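All of these numbers come straight from a predicted model, not from anything done at the bench. Heavy-atom basis, side chains included; hydrogens, waters and symmetry copies ignored. Chain A is the first sequence line, chain B the second, and so forth, proteins listed ahead of strands; every chain is numbered from 1.
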2 protein chains.
Amino acid sequence: MLKEERQNYILDKIREKNKVKSNELAIELNVSEDTIRRDLNQLSHNGLILKVHGGALSTHQKLYQYNESTIFNRENKIKLAKKAISLLKDGQVIIMSGGTTNLELSRLIPQNLKLTVYTYSLPIAMQLTEHPSIEVFIIGGKINKKALVTVGVNVIKILSKIKADICFLGTSGIDLNEGITEVGYEVSFVKRVMIASSDNVVSLVTSDKLNTTQRYPICDLNEIHKIITDLDPDDPKLHPYIKRGVEVL
Amino acid sequence: MLKEERQNYILDKIREKNKVKSNELAIELNVSEDTIRRDLNQLSHNGLILKVHGGALSTHQKLYQYNESTIFNRENKIKLAKKAISLLKDGQVIIMSGGTTNLELSRLIPQNLKLTVYTYSLPIAMQLTEHPSIEVFIIGGKINKKALVTVGVNVIKILSKIKADICFLGTSGIDLNEGITEVGYEVSFVKRVMIASSDNVVSLVTSDKLNTTQRYPICDLNEIHKIITDLDPDDPKLHPYIKRGVEVL
DNA sequence: ATATAATTTGCGAATTTTTGCAGGGTTTTT
DNA sequence: AAAAACCCTGCAAAAATTCGCAAATTATAT
């Protein structure tokens with residue numbers, strides 16, 4: 001059994017029972033108590049559990065807990081999100097698409113900012129509810145289980161009536177010629193409308209997506225106002241985009 | 001065997017077993033462990049798997065994880081939810097309110113049941129997305145951060161247009177004289193409408209809520225068709241409700 | 001088809017990670 | 001206060017990993 005596998009087992013057990021005992025785990029997992037203790041100490045050090053004499057306890061009392069480790073390239077996404085947050089001002093109306101970059105963004109919004117946020121992503125809506133001064137609206141509709149977003153004509157109808165200051169567009173493909181492109185068919189419709197409803201379109205792009213194209217076209221490069229990446233704004237990879245007149249942060 | 005072929009094999013195995021070990025793969029695929037490690041590193045670099053010491057794990061873990069142990073009285077809620085599930089049949093349209101009882105219910109729905117579920121609760125919508133054959137619709141609107149449900153006129157407008165077979169009503173107060181009552185002001189409006197839209201109104205009541213009243217009235221006892229509790233159906237506490245003509249499961 | 005370039009693979013040696021154990025200290029229980 | 005259970009440290013063995021390099025394979029160009 002792999003170490004991480006064992007630690008996941010421990011975390012699951014704590015989620016369910018609220019506590020674990022070292023001696024029991026040692027037997028269940030067929031390793032020495034020393035190993036269990038080392039596991040518990042590591043998990044505790046990462047803030048995932050609370051180590052106590054004889055075992056460990058759950059730390060969180062939230063009904064749903066977001067799982068950091070599943071996010072690919074999280075460090076870069078955080079770096080990117082921090083830049084995006086500098087655009088926010090009190091009183092603004094924001095539209096956010098789905099995706100883990102926007103999810104990180106929504107975790108990092110300063111507590112004192114007062115915003116109104118529309119989103120069609122379940123995880124993002126969920127995350128935003130933890131913020132004390134954001135009014136969160138989720139746009140209803142049929143849920144796409146894979147992306148955890150709502151899709152369909154109703155989503156489009158509602159989005160098209162919104163007037164937003166900024167739209168944060170999680171981007172799955174961006175290219176000089178093809179513009180912004182998207183993996184999901186249904187989602188592509190929704191994204192086009194959210195762009196149309198926003199004064200300021202901000203494309204959030206992790207650098208691995210630069211110069212890639214996906215199946216469904218969303219919009220031309222000149223329809224977006226800003227690109228934010230995890231790279232330094234004067235990284236050579238971004239030069240061609242700047243030349244095309246897009247502001248790059 | 002081509003490299004790509006080998007990597008697909010690895011991905012398939014991870015999809016199936018959720019983990020792989022380098023040494024096992026080396027034997028299965030008849031290549032050196034070095035090659036396997038290089039494969040795993042490449043796949044991991046592309047975000048397809050998570051490389052760990054000794055092998056790799058699936059990245060397709062849940063973004064949000066639900067903390068079972070935070071639910072009060074969970075055992076009873078599960079007992080109750082199991083009874084509720086016996087009412088479900090293929091092809092039905094269901095409306096579910098919020099609350100942890102309905103959340104447990106949504107976790108327990110058998111995988112093969114085909115349903116259409118409308119809900120205005122974020123956690124329940126989230127949970128239902130894990131079910132393979134349920135079409136999930138979330139009703140959009142402003143989110144009440146405490147209850148994690150949407151509220152407002154739009155929710156009511158949409159709910160009133162739905163025609164559902166069953167409505168599962170999480171119940172915060174039930175009483176012979178006062179009928180069903182609710183803690184939340186905004187939520188009380190929504191619940192009244194969901195009752196009106198359903199052929200069959202099922203009140204889910206944990207026994208500690210029996211004979212209690214909350215601030216906002218929802219409906220009279222005779223407007224609900226079934227009461228489901230964690231108690232035995234012929235528990236004396238339930239006799240008065242049966243006498244009043246409500247079916248008790 | 002042949003030569004050339006590029007990629008992929010396996011190997012050995014050095015390094016790192018993981019694990020169990022022994023010893024001695026600390027906390028909890030009796 | 002003694003006994004038991006638990007915890008930490010350092011250590012050593014086993015397993016896994018990394019790295020450079022050369023051989024083998026595959027791709028590309030002529």
Checking R244(A) against Y241(A): charged group under 6.0 Å from the ring centre and within 45 degrees of the axis?
no
Nearest-Å distance, [atom1] ([X]) to [atom2] ([N])?
X	N	atom1	atom2	result
E33(B)	dG10(C)	CD	P	11 Å
R37(B)	dA16(D)	CZ	C1'	6 Å
D39(B)	dT17(D)	CG	C1'	15 Å
I36(A)	dA5(D)	CD1	P	18 Å
L2(B)	dT25(D)	CG	C1'	11 Å

Residue pair D175(A) / T212(A), side-chain heavy-atom distance below 4.5 Å:
no
Below 4.5 Å, heavy atoms only, C-beta onward: do I242(A) and V246(A) meet side chain to side chain?
no
If an axis is fit to five pairs at each end of the helix from dA1(C)-dT30(D) to dT30(C)-dA1(D), what is the angle between the two, to the nearest 10°?
50°
Is it the case that over 12 heavy atoms from other parts of the model lie below 6.0 angstrom from the CG atom of N30(A)?
no
So which atom in T59(A) and which in G47(A) form the shortest heavy-atom distance, rounded to 0.1 Å?
OG1-O, 3.8 Å
Smallest heavy-atom separation, S172(B) atom then Q214(B) atom, equals O-NE2, 3.3 Å
B/S/- along nucleotides 22-30 of chain C (protein heavy atoms under 4.0 Å) is B----SS--
Whether [X] side chain and [Y] backbone form a donor-acceptor pair below 3.5 Å:
X	Y	value
K145(A)	V136(B)	no
N144(A)	K146(A)	yes
S121(A)	S97(A)	no
K77(B)	F72(B)	yes

Taking only the side-chain nitrogens and oxygens of T35(A), find out if one of them lies under 4.0 Å from OP1 or OP2 of dT19(C).
no
Going by atom types only, do T229(B) and S207(B) share a side-chain donor-acceptor pair under 3.5 Å?
no
5'-most contact on DNA chain D: M1(B) or R38(B), nearest heavy atom basis?
R38(B)
How is N41(A) classified with respect to the nucleic acid when contacts are heavy atoms under 4.0 Å: base, sugar-phosphate, or nothing?
sugar-phosphate
Please work out which residues in residues 3-29 of chain B have a non-hydrogen atom less than 4.0 Å from an atom of DNA chain C and list them by number.
K3(B), R6(B)
